[in-house]
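The next block holds one structure in the form of structure tokens; read it before the comments.
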Amino acid sequence: RTAECHRCACQHCCMGRILHFCIQCPEEMPSLNIRAIMLLAIAFAVANASQDNVVDKVVEEVPAASSDESAELKQEIVDKFLSAMTFRGVLHQVFIVLIPIYILNALNKIVPLTVLLLRNLKRTAIPSAAQLIQFASDEDKAAFRERKPSKDIKDFLIPKDSAIVAEKAPVDPNEILELHYGNLLAELIIVSLATVASTGLLAIYCNVMQTDMDFNSAPFFLALAMLVEALRVLSALFWAGGQDEKQITLGATVLFTIVALTMWLVVSDAIDVDFESAMAAVMESVQEAQKEFGIDSTTLYHYKYIKLLGAIGAGWLAGALTFPNFRFSRSYTAATIAHSASSFKTGVLHLGFLAPLVVVLLYITPFVDVIKPQIEAAGLNMEFVRLFAAGTVIMFRTVGFPLAMQHYLDLAQERLQTLHSQDDADEDVTTLATSRQQKKAAKKAEKKKQKNSKPNMISAGGVQQLVESIWTYTAVAGLQLAVPLALFLAASVLILLRGTSTSASSVFWYSVGNGLLFWVGGVVQLTTSLGVMFLRATVKHYSQ
């Protein structure tokens with residue numbers, strides 16, 4: 001059946017009354033995927049539930065006279081439907097995971113969830129030609145007044161030291177979604193909120209029912225989904241960066257890979273993360289797979305290869321976090337100066353900057369040996385203290401998120417005030433652009449330099465492009481600030497879900513959560529500190 005699309009009013013919609021998607025509208029595809037998977041999950045769950053009822057009914061009706069035949073028949077029935085029951089259990093978890101994502105995705109279409117992080121922000125409006133013409137020459141002013149209303153305005157030059165004061169406009173959350181990578185920011189927020197909500201509900205359920213947390217639950221799968229989403233965002237930011245950014249990221253990846261391998265092989269005793277238990281859990285699972293499928297152990301695994309792959313993965317993660325952490329360094333340095341008169345705002349910014357250091361210290365063995373007796377004497381454990389520290393990082397950085405984003409948006413006005421110190425308005429190293437866009441910008445800049453023989457002048461179009469470039473990459477700046485928080489949240493959930501379980505999978509994911517929390521905390525604190533020290537030492541604006 002066809003139905004009219006509410007976006008493009010076309011007649012190419014399939015199952016419009018159920019899925020409400022249009023093949024002509026790419027924006028509808030994410031909702032199509034979620035709804036289609038939910039329908040499949042419901043169908044399979046109902047089908048397998050009915051099969052489960054059939055199993056119980058058949059087993060009850062087995063004649064009790066011949067006990068041997070009855071036992072064999074029961075075993076045959078159970079074996080026959082075991083795969084279906086297991087498959088139903090997996091689909092059940094998939095269905096539970098998709099419920100909060102689907103609800104939040106529907107809510108995001110009504111009220112954009114980006115308002116949670118980008119609230120009460122104001123951006124610099126693009127100066128109009130009428131505002132800029134007052135700084136132009138008399139000849140350009142006369143040409144501007146004498147032009148025909150229907151004709152395009154010819155670009156003109158203004159002095160770089162012009163006192164341009166652009167107007168401020170409130171940021172509309174709907175506009176954020178339409179920006180470059182705005183959809184990725186919305187997806188990251190949706191998955192993060194779904195993870196927090198499901199983890200909270202599971203904790204309440206376990207507390208009321210007096211049961212233990214379990215990895216075979218919706219929060220676990222949502223934490224993995226959030227981890228994958230964060231890695232996807234980091235990959236997208238890496239490939240969208242310029243050539244210099246890619247080279248710095250790859251260099252940092254090599255450096256951090258060496259650091260991770262050294263820590264794993266040399267100073268692992270000084271880090272209170274049980275990597276060996278995680279490796280033993282992996283080996284146990286691998287050996288079980290070998291026995292089941294008859295795989296030769298010599299061709300499947302080696303300790304050194306697994307450690308090398310783990311170090312490479314940790315190095316890439318740290319390298320990819322380099323520029324997101326530099327973004328926080330710049331925002332933190334400028335925001336603390338801008339809000340120096342407010343003790344509350346500066347306190348939140350300082351605590352958000354220093355909180356990862358506390359997380360790292362809680363994994364240093366000498367420090368743990370000193371504070372652990374006091375923690376146990378207070379009736380607590382190290383796991384609770386580490387989760388509390390990670391929650392503190394998430395809380396303070398989330399509260400300080402609008403302050404950091406407001407600084408980024410204020411860069412437009414800052415650049416307008418410092419045009420006289422710039423060689424060209426197109427040279428904006430803080431924004432993120434693809435290599436193709438950079439090549440086009442370089443060609444435009446070269447043409448402008450050839451056309452403009454006056455070094456102290458700049459075109460009005462260049463001023464407008466400068467302001468527009470800051471706004472265009474607002475979602476990118478938001479992603480750079482939000483990705484570390486998503487990694488902290490995913491690691492915390494993996495630690496929380498272990499409970500008292502001692503199974504191999506629980507030990508493995510618990511160790512992964514602790515290792516991820518320690519590594520991300522250390523990388524974030526190190527790179528942000530280096531960025532802050534570099535800015536304070538080299539930029540005169542921040543030292544005043």
Side-chain angles (χ1 to χ4, degrees), residues 117 188 192 196 223 226-227 230-231 233-234 252 255-256 259-260 263 267 270-273 314-336 345-368 371 375 382-401 403-405 407 477-496 512-536:
L117 295 178
L188 191 63
S192 301
V196 172
M226 185 168 54
L227 185 60
L231 296 177
V233 169
L234 291 174
L255 178 61
F256 279 112
V259 172
M263 293 174 61
V267 295
I271 304 172
D272 191 22
V273 179
W316 180 87
L317 178 62
L321 284 172
T322 301
F323 277 94
N325 292 332
F326 284 166
R327 169 66 64 193
F328 179 82
S329 299
R330 183 178 178 85
S331 299
Y332 163 76
T333 305
T336 50
K345 292 181 178 180
T346 53
V348 168
L349 293 170
H350 290 319
L351 290 174
F353 171 70
L354 295 174
L357 178 61
V358 179
V359 175
V360 176
L361 291 176
L362 292 175
Y363 284 98
I364 305 300
T365 302
F367 184 78
V368 172
I371 67 171
I375 293 176
M382 287 302 301
E383 178 182 307
F384 173 80
V385 176
R386 288 166 178 168
L387 290 175
F388 180 80
T392 302
V393 175
I394 297 172
M395 180 184 68
F396 283 118
R397 291 217 171 187
T398 302
V399 173
F401 197 95
L403 299 176
M405 285 301 302
H407 158 70
L479 282 174
Q480 291 176 327
L481 295 173
V483 166
L485 300 182
L487 293 173
F488 274 111
L489 181 58
S492 301
V493 173
L494 292 179
I495 297 173
L496 179 64
V512 169
N514 279 292
L516 181 63
L517 189 60
F518 166 74
W519 183 249
V520 173
V523 170
V524 168
Q525 189 63 58
L526 176 63
T527 51
T528 51
S529 300
L530 292 176
V532 170
M533 289 188 294
F534 175 79
L535 288 171
R536 290 189 179 276

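Computed over heavy atoms, backbone and side chain alike; hydrogens, waters and symmetry mates excluded.
- Listed here is the closest heavy atom pair of R327 and Q480: NE-OE1, 2.9 Å.
- Here the side chains of L234 and P324 are in contact, with some heavy-atom distance below 4.5 Å.
- Distance OG1/T333 to CZ/R536: 5.5 Å, rounded to 0.5 Å.
- When all heavy atoms are compared, the tightest approach of A390 to V359 is N-CG2, 4.0 Å.
- Rounding to the nearest 0.5 angstrom, the gap separating the CD1 atom in I394 from the CG atom in L489 is 4.5 Å.
- Cation-pi geometry between R397 and F328 is met: under 6.0 angstrom from the ring centre, within 45 degrees of the axis.
- G478 and F401 get closest at one heavy-atom pair: O-CZ, 3.5 Å.
- The aromatic rings of F353 and Y332 sit parallel to each other, their planes meeting at less than 30°, with 60° as the upper class boundary.
- Taking each heavy atom of A486 and M226 in turn, the nearest pair found is O-CE, 3.7 Å.
- A pairwise comparison of heavy atoms in L321 and V483 identifies CD2-CG1, 4.1 Å as the closest pair.
- Between L227 and L487 the shortest side-chain heavy-atom distance falls below 4.5 Å.
- Taking the side chain as every heavy atom from C-beta outward, V358 and T392 never approach each other to under 4.5 Å.
- A donor-acceptor contact shorter than 3.5 Å links the side chain of T322 to the backbone of G319.
- In this structure, the separation between CZ on R330 and CZ on F534 is 10.5 Å, given to the nearest 0.5 Å.
- When side chains are defined from C-beta on, Y363 counts as touching L517, because their heavy atoms get closer than 4.5 Å.
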**Message:** Run L362 and I371 through side chain to side chain contact (heavy atoms under 4.5 Å, CB included) and show every step you take.
**Reply:** CA-CA 9 Å; L362 292 175; I371 67 171; 3.6 Å; yes
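- When every heavy atom of L479 is checked against every heavy atom of V233, the shortest pair comes out as CD2-CG1, 3.9 Å.
- Note: S529 OG to N325 CG = 9.5 Å, rounded to the nearest 0.5 Å.
- A heavy-atom distance below 4.5 Å is not found between the side chains of L317 and V523.
- A 4.5 Å side-chain heavy-atom check between R386 and F518 finds every atom pair outside the cut-off.
- Using the six-membered ring where Trp is involved, F388 and F384 have ring planes that are parallel, under 30° apart on the 30 and 60° scheme.
- In this structure, the separation between CD1 on I364 and CD1 on I271 is 6.0 Å, given to the nearest 0.5 Å.
- A distance of 9.5 Å separates OG of S329 from CE of M533, quoted to the nearest 0.5 Å.
- Counting only heavy atoms from C-beta outward, the side chains of F256 and T527 approach each other to under 4.5 Å.
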